[in-house]
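Positions are given from 1 along the sequence. Each ligand, and each atom within it, is numbered from 1 in the order the structure gives.
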Amino acid sequence: MNQYDAIKKQDEEVFSAIAGEEEREAQGLELIPSENYVSRAVREAQASILTNKYAEGYPGKRYYGGQEFTDAVEVLAIERAKKLFNAKYANVQAHSGANANIAMYFALLQPGDTVLGMDLSHGGHLTHGHPVTYITKFFNFVRYKMKDADTGEIDYDDMLRVAKEAKPKIVLAGFSAYSRELDYAKFVAIAREVGAYAVIDIAHIAGLIAGGAAKNPFDYGFAVMTSTTHKTLRGPRGGLILVRDSEEIAKKIDKAIFPGLQGGPLMHIIAAKAVAFGEALDPSFKTYAEQILLNAKAMEAVFRAHNIRMLGGGTSNHLILADVFGSLGIPGKEAEGVLDSVGITLNKNVIADDTRGALDPSGIRFGTPAITTRGFKEGECAQVAEYMVDALLHKDDAAHLSGIRATITELCTRFPIPETFV
Ligand code: DSN
């Protein structure tokens, strides 16, 4: 157990929830592709006394006094983020990826303007304009999709047609459930053709980009990148906005975050972002990012060998979206539950043009960022994929499932969650 002495003494109920989660994480495998394990240094920064400080504004331009240390820590986070992503400007204050996207919209658009983004069931994210989100009350969202869900190829011709018709001010790339690389040059060309900003939400693949295992969209002409810091990037839960080179856009982004959308920045989280960015700048992070991809490929091979359909036909990044309903007749929700029962956590997920509902879709989504942090290589990842398929094929055999559970527990004991990475 980590150091929670004060909470334990003072608040048994909260302590017990934290202790339970610590045990759950230690004894199970985390395959949700947007989750990861942070270092102890990141957690110490998050838990630091910087949480006490109000620091509205930006370094050197704050509204309250006493900012010598908050300024220092925010400058460190900004400079490290810029270096990691080859950006001229960075805003590290967004509380989350959703806030980063909302601020980006308000910075670049006027109410009523149009955004062209990826359809949710084809891999896009809620904040890319799903009708249930409030942002759709301010801006108009139109969609592009995959041309072929079995190759993952985006329908760029249709995207251009929609762009010409709808005249978006932003062409938005990025996804939360898509397993292939996008053709960045095509996105930028379409944006240029219709006079839109080319923006990409890199939340899922930020660590792959930072570690050099995926292409940097700035090299292809994107103007802005939004992100979270807690997925493949392995930092604290939070948001990040990067601007390639336009001072004008950077100023608009800063204004949109504060005072436009948020109040006081979370200085303890910004300190943790600085620590995580420092870790990502270490050469060891490159090895980590490359291993994430190798591990995903090892899992892909097992699913392919078992003839389980993968959206996009497989993976080129850290995640796999498998059509377990189409291939095994097991709905996503049931598959999630069966795998949870053997200590493998992942999430049910809609697949392209899913005929089932979002609460019980056809697919499961899983990925390798967290198990790679745990030290798994291709061999262990292939084994885990075999256990997954085995559990699904024996979902009604309690004794078989409990045998798999025991094996997963043993694997977790052999690969404890590390506390340092550099
Ligand atoms: N909830 C995140 C994910 O799992 O992809 C995105 O916000």
Side-chain angles (χ1 to χ4, degrees), residues 21 25 28-38 94-105 115 117-136 141 146 152 172-182 199-209 214 225-242 261 269 273 276 292 296 299 310-312 315-322 332-333 335-336 339-340 344-352 354 358-373:
E21 175 61 14
E25 290 188 17
L29 295 181
E30 188 51 73
L31 293 192
I32 294 174
S34 49
E35 295 190 12
N36 213 330
Y37 307 114
V38 298
H95 296 337
S96 67
N99 278 21
N101 280 339
I102 294 166
M104 175 272 292
Y105 294 137
V115 178
M118 197 178 203
D119 186 85
L120 183 91
S121 85
H122 284 236
H125 188 252
L126 277 175
T127 59
H128 299 177
H130 192 278
V132 298
T133 60
Y134 290 149
I135 201 71
T136 56
F141 289 84
M146 288 182 277
L172 180 62
F175 49 78
S176 67
Y178 179 77
S179 60
R180 294 299 190 185
E181 272 198 307
L182 300 171
V199 177
I200 179 164
D201 178 344
I202 58 163
H204 263 261
I205 56 169
L208 302 179
I209 296 169
M225 304 204 283
T226 60
S227 188
T228 55
T229 48
H230 50 273
K231 298 186 174 85
T232 45
L233 194 49
R234 208 162 59 182
R237 192 159 290 280
L240 171 68
I241 307 176
L242 301 150
L261 178 67
I269 300 297
K273 287 175 184 171
I292 289 176
M299 298 187 88
M310 290 170 279
L311 278 289
T315 184
S316 312
N317 59 25
H318 61 300
L319 73 82
I320 290 172
L321 186 55
K333 186 177 173 187
E336 179 189 285
L339 293 168
D340 213 23
I344 294 174
T345 307
L346 45 64
N347 65 281
K348 58 185 171 293
N349 212 100
V350 289
I351 61 170
D354 209 323
L359 287 174
D360 190 8
S362 298
I364 53 171
R365 187 188 67 152
F366 58 96
T368 53
I371 51 176
T372 304
T373 293

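Ligand 1 lies nowhere less than 4.0 angstrom from a heavy atom belonging to E35.
Proximity of atom 7 (O) of ligand 1 to the protein is indicated by at least one non-hydrogen atom lying closer than 4.0 angstrom.
At the top of the distance list for atom 5 (O) of ligand 1, counting protein heavy atoms only, stands H204 NE2, 2.7 Å. The shortest contact between atom 3 (C) of ligand 1 and any protein heavy atom is with S34 OG, 3.3 Å.
Ligand-side atoms of ligand 1 in range of H125: 6 (C), 7 (O), range being under 4.0 angstrom from any heavy atom. Short contacts between ligand 1 and S176, defined as distances under 4.0 Å to a heavy atom of the residue, involve ligand atoms 5 (O).
Remark: the T373 side chain and the N36 side chain contain an N/O donor-acceptor pair separated by less than 3.5 Å. Side-chain polar atoms of D201 and H128 form a donor-acceptor pair below 3.5 angstrom.
Using a 30° and 60° split on the angle between ring planes, Y105 and F141 fall in the perpendicular class, above 60°.
Shown are I292, I209, I202; of these, the side-chain contact (heavy atoms from CB on, under 4.5 Å) with T232 is made only by I292.
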Are I371 and L31 close enough, and set up right, to give a side chain to side chain contact (heavy atoms under 4.5 Å, CB included), and what steps lead you there? CA-CA 7 Å; I371 51 176; L31 293 192; 3.5 Å; yes
